[in-house]
Each structure stands twice: as C-alpha cells, then as structure tokens.
Amino acid sequence: MIVASLVFLITLLFVITQPRGLKIGTTAMMGAAVSLLLGTVNFNDVLLVTDIVWDATLAFIGIIIMSMVLDEIGFFEWCAIKMAKLSHGNGHLMFVYALLLGAFVSALFANDGAALILTPILLAKMRLLKLNAKTILAFLLAGGFISDSASLPFVFSNLTNIVTANYFNIGFVEYLGVMFVPFVVSVIVSILVLWLVLRNDIPKTIDVNLLKNPDDVLKSKPLFYMSWLFLALLLVAYFIGDAYNLPISLFALGGGLLFLALASYMKAAHAGATIKNAPWQVVWFSIGLYIVVYGLKNAGLTDYLASVLKDLATQGDMVAIIGTGFISAILSAVMNNMPTVMIMDIALVDIPNQALAYANIIGCNLGPKMTPFGSLATLLWLHVLAQKGVKIGFWEYSKFGLLVTPPILFTVLVSLWLFV
C-alpha cells in the first residue's frame with residue numbers, strides 16, 4: 001500500500017503543479033510507467049483499465065472538438081451576449097442567466113467544455129462591461145461551480161458519468177431517467193446558494209449597451225442555425241444508440257468529427273488546426289492516472305472502502321446514498337475525482353444497490369469543488385483564468401468551495417434518495 005500510495009501522491013502532485021510546464025497527460029503516463037516498473041500493476045491491469053476508460057476519453061475528445069468548432073463560429077459568444085442582453089441591465093438577473101447558460105453548456109458539452117470554452121468568453125464580456133474585480137470574481141467563481149454541479153443529466157456530461165455508466169452497464173435513457181431530477185435540483189439550489197453567498201458583489205445595474213449585437217459575432221449564420229438542428233439530431237442519436245447498446249463515444253466522437261467536416265466544407269473552421277489543438281493530453285491523463293489508481297486497488301484500498309460502503313448499505317437507503325455521496329465527495333476533493341470515481345466504482349460493484357452508483361457520480365461531480373485540484377475541469381478553469389491574468393489562490397478558492405458545496409451536495413443527494 002505504501003509504494004502504490006507514494007506513486008499516486010507524487011503523480012497527483014505533478015499533475016496539480018505541472019513543474020517546468022509538464023503536461024498532465026505526460027505526468028500521468030510517467031506515473032503509470034513507474035507503477036508498472038515497481039509492480040503495483042501488471043500489463044493485464046493496463047489492458048483492463050484501458051477497456052474501462054476508452055469510451056469515456058474518446059467521447060470527451062468528440063465533445064470538445066464539437067465545442068471548439070461551435071466556439072470558432074461564434075455559437076457560445078452569441079449565447080453569452082444574448083444572455084446578457086436578456087437581463088436588460090439587471091445585475092442579479094444577469095448573474096442567474098449566466099449560471100443557467102453555464103448549466104446548459106455543461107450539460108450538453110460536458111463540464112470541461114464549459115471550463116475551457118465558456119470561461120474566457122464570459123471573462124472578456126465582463127471586462128468589456130467594465131465590471132470591477134470583485135464582481136468579475138463573483139461571476140467566475142459561480143460559473144466555475146455550476147460547470148461541475150450541472151454536469152449530471154446526461155451520460156456524456158462528465159467523464160465520471162461515462163466511466164460509471166459503462167462500469168455498471170447503465171444505459172443512456174436509464175441514466176437520464178434517474179439523474180434528471182437531481183440535475184434540476186442541483187441547478188436550482190446551486191443558483192440560490194451562490195446568489196446568497198455572492199449577492200453583495202453583484203451590482204444592481206450593468207450597462208449592456210456596451211456589448212455588440214449577438215448576430216454580429218457569428219462567423220457563419222447558416223452554420224449557426226444548422227448547429228441547433230445538428231445538436232438536436234445528435235441527442236436523438238444517443239437515444240437510438242442506447243436501444244442498440246452502442247458506445248457513447250460512437251456518437252460523441254462521430255458527431256464531433258462530422259460537424260468539424262461540415263464546418264470545414266463551409267469554410268467556417270480549419271479541421272487540421274482543430275484536431276491538432278484538441279486536448280489529447282486528457283486521453284493520456286485518463287489512462288495513465290487510472291493505471292496508477294489501479295495500483296491502489298491492488299494494494300487493498302478498494303477492499304477497505306467496500307467494507308465501509310457495505311456497512312452503510314445496511315443502514316437504509318437514505319443513509320447509504322448520502323454517506324456514499326459524501327465519501328466520494330471528500331475523496332474527490334482530496335485526491336481528484338477521476339481516480340475517486342474508479343476506486344469507488346470498484347468498491348461498489350458487489351453491493352446490490354445501483355442508487356449508490358448514482359450517489360458516487362453526484363459526489364464525484366460536486367465534491368471536487370471544495371478544493372482547486374478536485375477535478376480536471378477546475379484545474380483547466382484555473383489554468384485558463386491564469387492565462388487571462390486572473391489568479392485565484394488556494395485558500396481563497398477552498399474557503400468558497402467549502403462554504404457552498406456541502407449544503408448543495410446534501411440537497412442533491414436527498415433528491416436522489418426521494419426520486420430514485
């Protein structure tokens with residue numbers, strides 16, 4: 001256990017700090033190589049891990065490619081300006097609309113897509129609106145939170161969702177049926193709690209006349225209008241795929257590449273540049289870190305967790321669901337939600353209560369918001385902000401996350417218990 005734990009901790013430390021510009025995927029694969037060399041995992045474990053995560057990582061790449069193309073044609077900027085204009089200059093209404101937009105993007109384009117694509121657009125618009133630093137920080141903290149708390153409704157809304165759904169053979173429709181209510185509750189409660197905490201930093205009025213007309217930012221109006229139809233058809237395809245038990249990545253990656261080809265044909269995007277700039281490091285990060293984590297499983301960590309979770313399962317559904325969710329949340333906050341979701345899935349596999357798998361997802365999606373290194377989306381979000389000159393310190397972020405996360409997480413887990 002000591003060797004496996006050291007390899008994991010050092011790998012995670014390097015992922016978080018990225019010394020000398022070392023990429024997260026490179027670090028994770030180095031950790032995997034060390035795990036193989038030290039014998040905490042073997043080659044069969046590598047094959048098993050790859051089988052677990054390939055669908056999730058390819059689906060993620062597809063969603064990000066789609067998001068990058070939509071961003072290039074002005075889709076998200078149009079949405080952001082439209083959202084601001086709809087507020088008619090009411091600062092508090094704009095705050096709510098910004099969070100609803102974040103929830104929409106997170107649900108349809110995954111939490112990482114919201115962090116990578118929407119954050120710089122919102123930051124640019126807020127600076128254009130001449131908002132002060134405290135107001136900008138309030139909007140950013142709230143937007144960063146909603147990107148994870150709203151990543152519940154669809155299997156493809158978060159990597160953790162895909163991994164767990166595949167691990168427990170949960171279909172697209174079945175997953176949506178269970179998680180739709182917790183998603184709605186999460187969005188509503190997140191907006192309420194975030195507004196209560198940040199309301200003093202939100203101005204009463206904002207001059208939205210400083211913004212362009214939404215249609216002026218579109219680089220291809222025909223493709224923009226076509227994109228709404230394409231997204232609707234893609235959503236239908238997910239339902240059809242579920243009926244035939246087809247992998248989620250077939251539609252996510254296939255749809256992303258098809259839309260890229262369409263945009264390239266209409267000269268609205270550059271296929272080569274888009275594929276080159278896709279976050280391929282996330283593929284190596286997912287596989288590498290999961291291999292490192294599998295070393296912890298081999299060392300007995302999942303056996304210990306399984307015994308704790310089995311005890312919880314005997315205490316009734318409410319205690320089991322809330323307890324499982326908070327264990328996942330705390331582990332995610334401490335050691336990142338990517339390894340946590342896999343460890344917890346393995347620990348839950350022999351417990352005959354599938355509601356706990358959903359509780360694990362909720363914990364792994366919301367719990368990471370308690371620390372700045374709890375999720376890949378938060379790490380990407382902080383990296384994007386740092387590049388734009390906005391630095392949020394460890395304690396500043398953690399104080400905010402520890403304040404708002406527990407009550408929201410508790411409420412969402414209760415909603416799962418009530419409606420599962």
Side-chain angles (χ1 to χ4, degrees), residues 5 8-22 24 27 95 98-99 102 106 111-112 114-116 118-120 122-123 126-127 131-151 186 189-202 285 289 325-340 362-412:
S5 298
F8 170 74
L9 289 173
I10 292 170
T11 302
L12 188 60
L13 180 64
F14 275 43
V15 165
I16 293 167
T17 59
Q18 297 182 39
R20 297 183 181 274
L22 202 60
I24 58 171
T27 298
F95 181 80
L99 293 184
S106 181
N111 58 333
D112 302 293
L116 279 169
L118 197 58
T119 298
L122 290 177
L123 178 58
M126 286 186 287
R127 283 174 170 167
L131 302 181
N132 64 43
K134 285 187 101 175
T135 299
I136 289 176
L137 184 60
F139 272 82
L140 290 175
L141 285 171
F145 188 92
I146 204 77
S147 67
D148 276 330
S149 68
S151 63
S186 184
V189 176
S190 293
I191 291 173
L192 179 61
V193 172
L194 290 168
W195 179 81
L196 286 171
V197 171
L198 299 168
R199 68 188 185 281
N200 291 332
D201 295 328
I202 304 169
F285 171 78
L289 194 59
F326 270 89
I327 288 172
S328 297
I330 293 167
L331 286 175
S332 295
V334 172
M335 67 179 207
N336 193 270
N337 66 342
M338 294 290 283
T340 297
I362 292 170
C364 286
N365 289 6
L366 274 72
K369 306 314 293 183
M370 290 188 279
T371 62
F373 50 79
S375 73
L376 178 60
T378 305
L379 290 170
L380 291 170
W381 178 76
L382 288 169
H383 180 66
V384 168
L385 290 180
Q387 287 182 321
K388 302 292 182 181
V390 179
K391 295 192 181 294
I392 300 174
F394 176 86
W395 290 114
E396 183 179 17
Y397 183 91
S398 297
K399 280 189 294 184
F400 171 77
L402 288 167
L403 176 65
V404 301
T405 303
I408 296 172
L409 175 61
F410 178 80
T411 308
V412 177

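What you see below is based on every heavy atom in this structure, not just the backbone, and it leaves out hydrogens, waters and symmetry mates.
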All heavy atoms of Thr17 vs all of Leu13, minimum pair found to be OG1-O, 2.8 Å

Given side chains that start at C-beta, do those of Ile392 and Leu137 come closer than 4.5 Å, heavy atoms only? yes

So, do Phe145 and Val193 sit near enough that their side-chain heavy atoms are less than 4.5 Å apart? no

Around atom CZ of Phe410, are there more than 12 heavy atoms of other residues, nucleotides or ligands at under 6.0 Å? no

Can you list the steps and then say if Phe95 with Leu198 is a side-chain contact (heavy atoms from CB on, under 4.5 Å)? CA-CA 10 Å; Phe95 181 80; Leu198 299 168; 4.1 Å; yes

Please tell me whether Asp148 and Asn111 have a donor and an acceptor in their side chains that are separated by less than 3.5 angstrom. yes

Could you tell me whether the side chain of Met126 reaches within less than 4.5 Å of the side chain of Leu140, counting heavy atoms only? yes

Quick one: do Val412 and Ile408 satisfy side-chain contact (heavy atoms from CB on, under 4.5 Å)? Show the steps, please. CA-CA 6 Å; Val412 177; Ile408 296 172; 4.3 Å; yes

So, the side chain of Ser332 versus the backbone of Ser328: is there a donor-acceptor pair under 3.5 Å, distance only? yes

Show the numbers, then the answer: is there a side-chain contact (heavy atoms from CB on, under 4.5 Å) between Lys391 and Leu385? CA-CA 7 Å; Lys391 295 192 181 294; Leu385 290 180; over 6 Å; no

How far does NZ of Lys399 sit from CZ of Phe394, to the nearest 0.5 angstrom? 12.0 Å

Could you give the distance from CD1 (Ile146) to CD1 (Ile191), rounded to the nearest 0.5 Å? 5.5 Å

Hey, what do you get for CG (Leu409) to CE (Met370), rounding to the nearest 0.5 Å? 7.0 Å

Could you tell me the separation between the CD1 atom of Ile10 and the OG atom of Ser5, rounded to the nearest 0.5 Å? 10.5 Å

Could you tell me if the side chain of Leu366 sits less than 4.5 Å from the side chain of Ser186, heavy atoms only? yes

Kindly compute the distance separating CG (Leu289) from OG1 (Thr27), expressed to the nearest 0.5 Å. 10.0 Å

No-hydrogen, no-angle side-chain donor-acceptor test under 3.5 Å, Lys369 and Thr378: yes

Do you know the tightest heavy-atom contact between Ala329 and Gly367? CB-CA, 3.5 Å

Can you check whether Phe139 reaches Leu122 side chain to side chain, under 4.5 Å on heavy atoms? no

Between Ser151 and Asn365, the two heavy atoms sitting closest are O-ND2, 3.0 Å

How long is the straight-line distance from CH2 of Trp395 back to OG1 of Thr371, given to the nearest 0.5 Å? 10.5 Å

Side chains of Ser106 and Ser147: donor-acceptor distance under 3.5 Å anywhere? no

Under 4.5 Å between any side-chain heavy atoms of Tyr397 and Leu141, yes or no? yes

Below 4.5 Å, heavy atoms only, C-beta onward: do Phe373 and Asn336 meet side chain to side chain? no

Show, in sequence, the C-alpha distance, side-chain angles and deciding distance for Ile330 and Met335, and conclude whether the side-chain contact (heavy atoms from CB on, under 4.5 Å) test is met. CA-CA 9 Å; Ile330 293 167; Met335 67 179 207; over 6 Å; no

How close do Thr411 and Pro407 get, counting heavy atoms only, and between which atoms? OG1-O, 2.7 Å

What pair of heavy atoms forms the shortest contact from Lys388 to Pro120, and how long is it? CE-CB, 3.8 Å

Would you indicate whether the side-chain heavy atoms of Phe285 and Met338 approach each other to under 4.5 Å? yes

Assess the side chains of Asn337 and Thr340: does a donor N or O sit below 3.5 Å from an acceptor N or O? no

